[in-house]
Amino acid sequence: MNNSNITCERKKFKPILPNILQNRIKNIDPVSCCSTYSENPKIQQRFINTYGKPVIKFRKGLNTHNIQKKSMKVAVIFSGGQAPGGHNVIAGIFDCLKKVNPENRLIGYLGGAAGILKNQYKIIEKDQLKHYRNTGGFHLIYSGRDKIETVEQLSLMKKHFETDKVDALIIIGGDDSNTNAAIIAEYFKQKKLKTCIVGVPKTIDGDLQNQYVEIPFGFDTATKIYSELVGNVCIDVCSARKYWHFIRLMGRSASHITLEVGLQTHPNIIVIGEEVLEKRMTLSNIVDNIIDIILKRSKLNKDFGVILIPEGLIEFIPEIRELIYTINDILYKNRDIIKTMKTCVEKEHYICSKLPSHLYNLMQSFPHNIIEQLLLDRDPHGNIQVSSIETDKLLITMIHKKLNKLCKLGKYHGKFNAISHFFGYEGRCGLPSNFDANYAYALGYNAAVLIINGFTGYLSYINKLAKVPYDWECGGVPIVNMINIEKRKGEDKFVIQKTLVDLHGIPFMEYISNKEKWALNEDYISPGPIQYYGKSCITDRVTKTLQLKCKKPKKI
Ligand code: FBP
């Protein structure tokens with residue numbers, strides 16, 4: 001029996017390395033470029049040792065830098081949610097380290113930052129790694145959402161690194177994890193520890209993008225997987241012609257995934273959280289907008305359609321945002337009392353008793369399952385777990401109620417059969433697309449080049465991603481350049497700001513210019529599954545977001 005499958009076949013795929021990284025290390029010259037820094041003096045003071053460093057671009061030339069000559073021990077962790085391509089980052093780091101010096105060693109701490117504190121790691125060897133190349137998931141060394149920020153944690157980490165002689169740590173993570181990388185790099189500099197810290201931008205959410213990072217790895221594959229699923233639903237819808245499908249898509253804070261999937265599939269309605277926030281729409285306004293389309297389509301004998309909803313929508317609705325932030329504060333300030341509570345009912349009563357009356361009334365207007373979901377524990381970064389909040393079902397319930405009223409008034413004669421879906425975890429561990437396989441590998445390789453050159457507090461960046469991988473630009477950007485001050489758990493925190501959908505940006509404008517047409521017609525596109533072999537126009541297609549963004553000339 002032949003047990004071969006595409007996952008087995010993909011392990012043999014050789015990612016393309018950008019031309020610049022194909023050079024020998026001594027011919028990769030790190031050139032300093034001008035940087036823009038935050039003017040905020042609080043940031044300057046907090047990162048006194050790592051603030052004000054230049055952006056680095058790698059160019060072909062003679063590297064006169066102090067390249068690490070002795071063999072190195074490098075550590076890596078995954079931090080946060082899975083994203084397709086993670087194992088290729090590790091493969092890229094490994095291959096670069098071994099190419100430079102076969103004596104170099106790579107270890108992976110298990111389960112994210114917590115693994116460093118527990119000093120639990122595995123040595124990454126070639127024979128084991130070959131089973132993970134070009135595969136999805138983070139199961140080689142697992143991931144975690146813990147962060148290292150207290151002085152006790154930082155000094156324990158320093159102790160382990162000194163004892164085990166770890167020369168560098170590469171953190172593969174999103175905005176919170178890379179903020180963490182900046183904090184650790186600053187602490188080590190202050191303590192005169194030589195261990196370098198470098199970050200790699202990862203998240204399917206696509207919200208770690210800015211003037212330096214075009215898109216994090218993982219977004220490409222995840223959105224292609226969701227687009228395949230949504231495209232299939234669209235075809236089902238116009239075949240059966242009897243259901244409204246409410247599809248909630250992952251993406252904790254920003255609506256990039258929903259917008260991208262919408263651009264790939266052309267559903268009837270795309271709800272974008274950032275637009276809801278800007279127009280200060282209430283939950284009821286959102287429901288009314290959806291009903292407006294349902295009624296229009298019903299008049300055309302089309303009691304069916306597809307609606308995309310971002311997972312993070314709930315936090316964009318101003319009234320609910322206020323409620324969530326207030327609950328966050330209550331949970332944080334009263335964490336010791338709440339920890340002692342034995343039942344959820346007890347916790348719910350306690351929190352409700354602390355809410356101001358307008359927020360209490362709002363909360364009581366929700367179905368009980370939503371109340372329970374709003375009160376779930378926050379993650380270690382203080383974020384609400386939006387993936388557990390069933391906004392799709394909440395909208396369906398509210399729409400049902402309003403349509404029933406309209407029906408009784410004789411203003412609606414259609415049938416509303418709604419089906420809800422949540423596409424989230426299905427997309428996070430898929431086999432990386434060619435784009436993500438190449439990009440993640442290059443990011444890892446590039447991160448290793450940064451540490452070999454002794455850079456610390458930098459994020460590995462690869463730019464010009466809409467071009468072929470050979471022409472991608474590589475380098476490093478000081479993480480501090482991306483740091484802002486935000487309120488978290490009720491306190492000011494230094495964080496890399498999440499980038500939300502730009503309502504004046506070309507991708508969103510593309511949706512707006514098609515909105516009416518897509519609402520009333522079945523302009524659906526079913527893009528089909530990701531292709532790994534075949535015509536390059538299909539296998540190497542980049543996301544609409546990247547294509548459209550790159551229409552705009554960008555300076556770094
Ligand atoms: P990261 O920001 O860590 O990459 O997480 C992405 C994500 O997939 C979000 O889209 C989602 O809300 C979250 O992780 C869910 O993860 P968890 O199950 O750990 O809460």
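Whatever order the structure lists them in is the order used to number ligands and atoms, beginning at 1.
Ring to ring, Tyr121 and Tyr109 are close: their centroids are under 6.0 angstrom apart.
A cation-pi arrangement is found for Arg335 relative to Tyr332, the charged atom lying closer than 6.0 Å to the ring centre and inside a 45° cone about the ring normal.
For Gln385, the closest heavy-atom approach to ligand 1 does not fall below 4.0 Å. Every heavy atom of Gly174 sits 4.0 Å or more from the atoms of ligand 1. Judged by the shortest distance from any of its heavy atoms, Ala83 lies outside the 4.0 Å radius around the atoms of ligand 1. Taking 4.0 Å as the cut-off, Gln82 does not count as a neighbour of ligand 1 on heavy-atom distance.
Ranking protein heavy atoms by distance to atom 19 (O) of ligand 1, first place goes to Arg145 NE, 2.9 Å. Given atom 2 (O) of ligand 1, the protein heavy atom at minimum distance is Thr203 OG1, 3.4 Å. The protein non-hydrogen atom at the shortest distance from atom 11 (C) of ligand 1 is Glu311 OE1, 3.6 Å. The protein heavy atom nearest to atom 18 (O) of ligand 1 is Tyr425 OH, 2.6 Å.
The number of heavy-atom neighbours closer than 6.0 Å to NZ of Lys279, taken from other residues, nucleotides and ligands shown, is 12 or below.
For the residue pair Asn88 and Arg133, no side-chain donor N or O sits within less than 3.5 Å of a side-chain acceptor on the partner. At a cut-off of 3.5 Å, with distance as the only test, a side-chain donor of Gln264 or Glu260 sits close to an acceptor on the other residue.
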Any chance you could lay out the salt bridge (Lys or Arg N to Asp or Glu O under 4.0 Å) test for Lys224 and Glu228, step after step, and finish with the verdict? CA-CA 6 Å; Lys224 283 174 180 164; Glu228 180 200 352; over 6 Å; no
Going through the distances and angles, do Tyr187 and Met157 end up as a side chain to side chain contact (heavy atoms under 4.5 Å, CB included)? CA-CA 11 Å; Tyr187 179 80; Met157 181 176 181; over 6 Å; no
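Expressed to the nearest 0.5 Å, how far CG of Leu208 lies from CG of Asp176 amounts to 10.0 Å.
Residue Gly81 approaches ligand 1 through these ligand atoms, each under 4.0 Å from one of its heavy atoms: 1 (P), 3 (O), 4 (O), 5 (O). For ligand 1, the atoms sitting less than 4.0 Å from at least one non-hydrogen atom of Gly251 are 10 (O), numbered in the order shown with element in parentheses.
Counting heavy atoms closer than 4.0 Å to ligand 1, residue Asp205 contributes side-chain atoms (C-beta onward) but none from N, CA, C or O.
Heavy-atom proximity to atom 7 (C) of ligand 1, evaluated over Lys202, Arg252, Arg428, is greatest for Arg428.
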